[in-house]
Novice: 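Below you will find the structure I want to go over with you.
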Amino acid sequence: PPPPPPPPPPPRSGQMKKIESLLLSQLQQKQHENDIDVDINTDTNTNTDTSTNSNSRYRYRFNQRQQQQQLSQQPRPQWINGRRVLLVPSRNPINQNDVDMAEGDLSIHDDDDDDDNNNNDNDKRQKLLPQPLPPIVILGGMAQSISSWEHHLPTFARERDVLVYEYVGSGLGYRDVEFHEYYYNNRDSMNNNYDNSNVVDSDSYYISEQEYYQNVTLTQQAQEFKTIVQKIFPKCTTFDIIGFSLGARIALKTIASYPTLIRKAHLTGVGLKRSPYAKIIICSWKDILQSGVDMTTTATTTTTTTATTTATKTATKTARTIDTKSDESNSVVNSKLQLSASSLSSLKAFAWSIIIATYSPDFLALSGADKVASWVNHITASNNPIGLLKLLEQTHGDALQKGDGRDIIVSSLPSSSSNNDEMDKIVQQIRTNHLELSKNEPTAKDKVTKVQLHVGKMDQISTIDEAHKLYSLIGDSDDNGEEAGIVVYEQCSHAIMNEDGRQWRRNALDFLNGI
């Protein structure tokens with residue numbers, strides 16, 4: 001009889017299985033890093049049969065249906081304490097903190113419990129259950145809104161609760177029709193936040209635009225930061241913060257004012273002082289924005305303040321009917337709150353200027369004119385020139401005053417904004433807090449805020465030298481050298497998180513999630 005046929009070869013050798021395992025792990029890692037859904041087929045059979053041919057090679061593709069479901073489930077911005085906020089809960093259930101997004105009492109929550117039995121139970125629970133990491137709060141820079149950070153949020157929310165909000169002066173603010181709906185619905189609580197010296201209605205339900213932006217100083221921003229985060233996370237005692245540019249300065253002021261509130265601070269684009277070049281740029285921004293505001297004021301007001309008050313009253317009083325959600329009422333309010341042509345023109349010129357000043361030339365050249373123009377349009381549509389102008393006047397006093405012949409003349413300007421040495425005082429307060437904590441508590445080191453600075457080598461607004469000066473004053477002296485507290489990006493300018501976003505996010509997570 002003929003010899004039996006040889007046995008068929010095994011479908012996969014041991015080496016092939018190792019390759020399969022390696023490729024599968026790489027694809028799963030890619031899915032984890034990029035937050036995309038990947039379909040993976042791992043059958044290497046080379047038969048021509050149509051039932052197995054689709055599985056004959058490795059392939060991955062975006063799952064559009066699941067992506068659309070994820071987009072529909074994404075959280076939407078809300079209004080808390082008169083500010084537009086976006087909360088993205090952690091995808092890790094262990095790190096999800098208790099949240100209170102309901103309006104009502106806008107005061108700071110105190111969770112002091114005098115019951116010894118309850119305290120003992122809480123201590124036992126803390127020992128038995130893993131405690132969530134504190135939320136991450138993001139504070140952007142000048143002319144940034146919530147949408148400026150949306151592409152960073154999925155990465156940060158993988159393990160942490162993430163909150164980003166538009167502090168007063170950023171975003172549309174007073175020009176956002178949703179603010180007037182929110183203010184009317186929460187007028188009893190909101191009226192406590194304003195002195196109502198410029199009310200435009202006998203019911204005292206509304207505020208003028210001047211009053212809305214009356215105080216945007218770093219001190220006010222730090223107070224609002226504490227109120228907002230403790231309102232949303234009533235059981236959290238510490239927070240981690242990511243601050244960029246002006247947002248980093250607000251973070252430093254918060255650390256100085258509330259020494260034990262911030263656990264870790266990841267700060268980008270900030271130094272002890274602004275460079276001479278930066279002062280020139282800031283002066284140009286003020287002139288650009290001021291020109292549009294001045295032209296609007298001249299064209300729309302009379303010699304008395306009656307016309308301004310009437311116009312504001314008309315715009316805000318229409319908010320009474322917003323709760324009907326009718327298209328007619330919304331269109332009326334929108335028309336009242338729209339910017340004039342001169343204001344839009346100056347805001348667009350400001351947007352071009354701030355982009356050119358904060359990005360490296362190579363990055364802008366690679367992005368192309370069309371893409372940069374889309375950024376300009378986004379800034380124009382997402383900001384209020386009056387709010388930006390007030391931020392420049394009240395938080396950039398060191399650039400706009402002191403020997404350059406450009407003293408600001410604003411009758412309602414808070415006295416703290418005229419202090420040219422505000423950063424020096426902030427740094428000194430942080431150092432004083434560190435010393436007091438060390439004297440009062442033996443374990444104070446765990447309560448001292450850990451700071452890490454990120455700076456672009458090509459940054460001419462906050463230079464590397466100024467970053468080193470700042471870290472030498474507020475950094476942890478027990479770190480492994482100053483290099484551990486300062487990260488330099490060789491090819492970047494001021495806006496590092498957009499020029500080298502992947503590496504910047506990786507560094508942020510390594511610092512914030514590390515022990």
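Numbering of residues begins at 1 and proceeds along the displayed sequence.
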Novice: Who are the side-chain hydrogen bond (donor to acceptor under 3.5 Å, both in side chains) partners of E178, not counting sequence neighbours?
Specialist: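 E178 satisfies side-chain hydrogen bond (donor to acceptor under 3.5 Å, both in side chains) with W79 once adjacent residues are dropped.
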
Novice: Can you list the residues that meet the side-chain contact (heavy atoms from CB on, under 4.5 Å) rule with N433, with sequence neighbours excluded?
Specialist: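 N433: side-chain contact (heavy atoms from CB on, under 4.5 Å) contacts with P259, Q429, E436.
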
Novice: What residues, two or more places apart in sequence or in another chain, satisfy salt bridge (charged side-chain N to carboxylate O under 4.0 Å, His left out) together with R84?
Specialist: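 By the salt bridge (charged side-chain N to carboxylate O under 4.0 Å, His left out) rule, R84 matches E166.
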
Novice: Measure from the side-chain N and O atoms of Y165 to the backbone N and O of I146, and report whether any donor-acceptor pair falls under 3.5 Å.
Specialist: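 Judged by distance alone, no pair lies under 3.5 Å.
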
Novice: Excluding sequence neighbours, so at least two apart, what forms side-chain contact (heavy atoms from CB on, under 4.5 Å) with T237?
Specialist: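 T237: no side-chain contact (heavy atoms from CB on, under 4.5 Å) contacts found.
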
Novice: What residues, two or more places apart in sequence or in another chain, satisfy side-chain contact (heavy atoms from CB on, under 4.5 Å) together with A349?
Specialist: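 side-chain contact (heavy atoms from CB on, under 4.5 Å) check on A349 returns I288.
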
Novice: With salt bridge (Lys or Arg N to Asp or Glu O under 4.0 Å) as the test, pick out the partner of E224 among R83, K231, K253.
Specialist: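 Going through R83, K231, K253 one by one, the salt bridge (Lys or Arg N to Asp or Glu O under 4.0 Å) with E224 is satisfied by R83 alone.
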
Novice: With the side chain counted from C-beta on, respond yes when V229 and L163 share a heavy-atom pair under 4.5 Å apart, and no when they do not.
Specialist: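 They are in contact (side-chain heavy atoms under 4.5 Å apart), so the answer is yes.
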
Novice: With no hydrogens and no angle check, do the side chains of N507 and Q503 hold a donor and an acceptor under 3.5 Å apart?
Specialist: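 Yes, Q503 and N507 have a side-chain donor paired with an acceptor closer than 3.5 Å.
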
Novice: By the definition side-chain contact (heavy atoms from CB on, under 4.5 Å), identify the one residue from V372, D362, N498 that meets it with S367.
Specialist: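 Going through the options one by one, the only one that passes is V372.
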
Novice: Can you tell if the side chain of K457 reaches within under 4.5 Å of the side chain of Q491, non-hydrogen atoms only?
Specialist: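 K457 vs Q491: side chains apart.
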
Novice: Under the side-chain hydrogen bond (donor to acceptor under 3.5 Å, both in side chains) test, which residues partner E466, sequence neighbours left out?
Specialist: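 If we apply the side-chain hydrogen bond (donor to acceptor under 3.5 Å, both in side chains) test to E466, skipping adjacent residues, the hits are K469.
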
Novice: OG1 of T260 to CD1 of I255: how many Å apart, nearest 0.5 Å?
Specialist: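 Those atoms lie 11.5 Å apart.
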
Novice: Do L470 and I474 make a side-chain contact, defined as non-hydrogen atoms from C-beta onward lying under 4.5 Å apart?
Specialist: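 Yes, side chains in contact.
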
Novice: We want to know whether R175 and N383 form a side-chain donor-acceptor pair, criterion being a heavy-atom distance below 3.5 angstrom.
Specialist: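 Note: R175 and N383 side chains miss the donor-acceptor criterion.
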
Novice: A cation-pi test, strictly: NZ or CZ of K264 under 6.0 Å from the centre of the six-membered ring of F511 and no more than 45 degrees from its axis. Yes or no?
Specialist: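 Yes, a cation-pi geometry.
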
Novice: Ignoring hydrogens and angles, state whether a donor on the side chain of S360 or E499 is under 3.5 Å from an acceptor on the partner side chain.
Specialist: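 There is such a pair (donor and acceptor under 3.5 Å, judged by atom type) between the side chains of S360 and E499.
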
Novice: Without swapping roles, check the side chain of Y359 against the backbone of I354 for a donor-acceptor pair under 3.5 Å.
Specialist: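 Flag not set: sc Y359 to bb I354 has no pair under 3.5 Å.
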
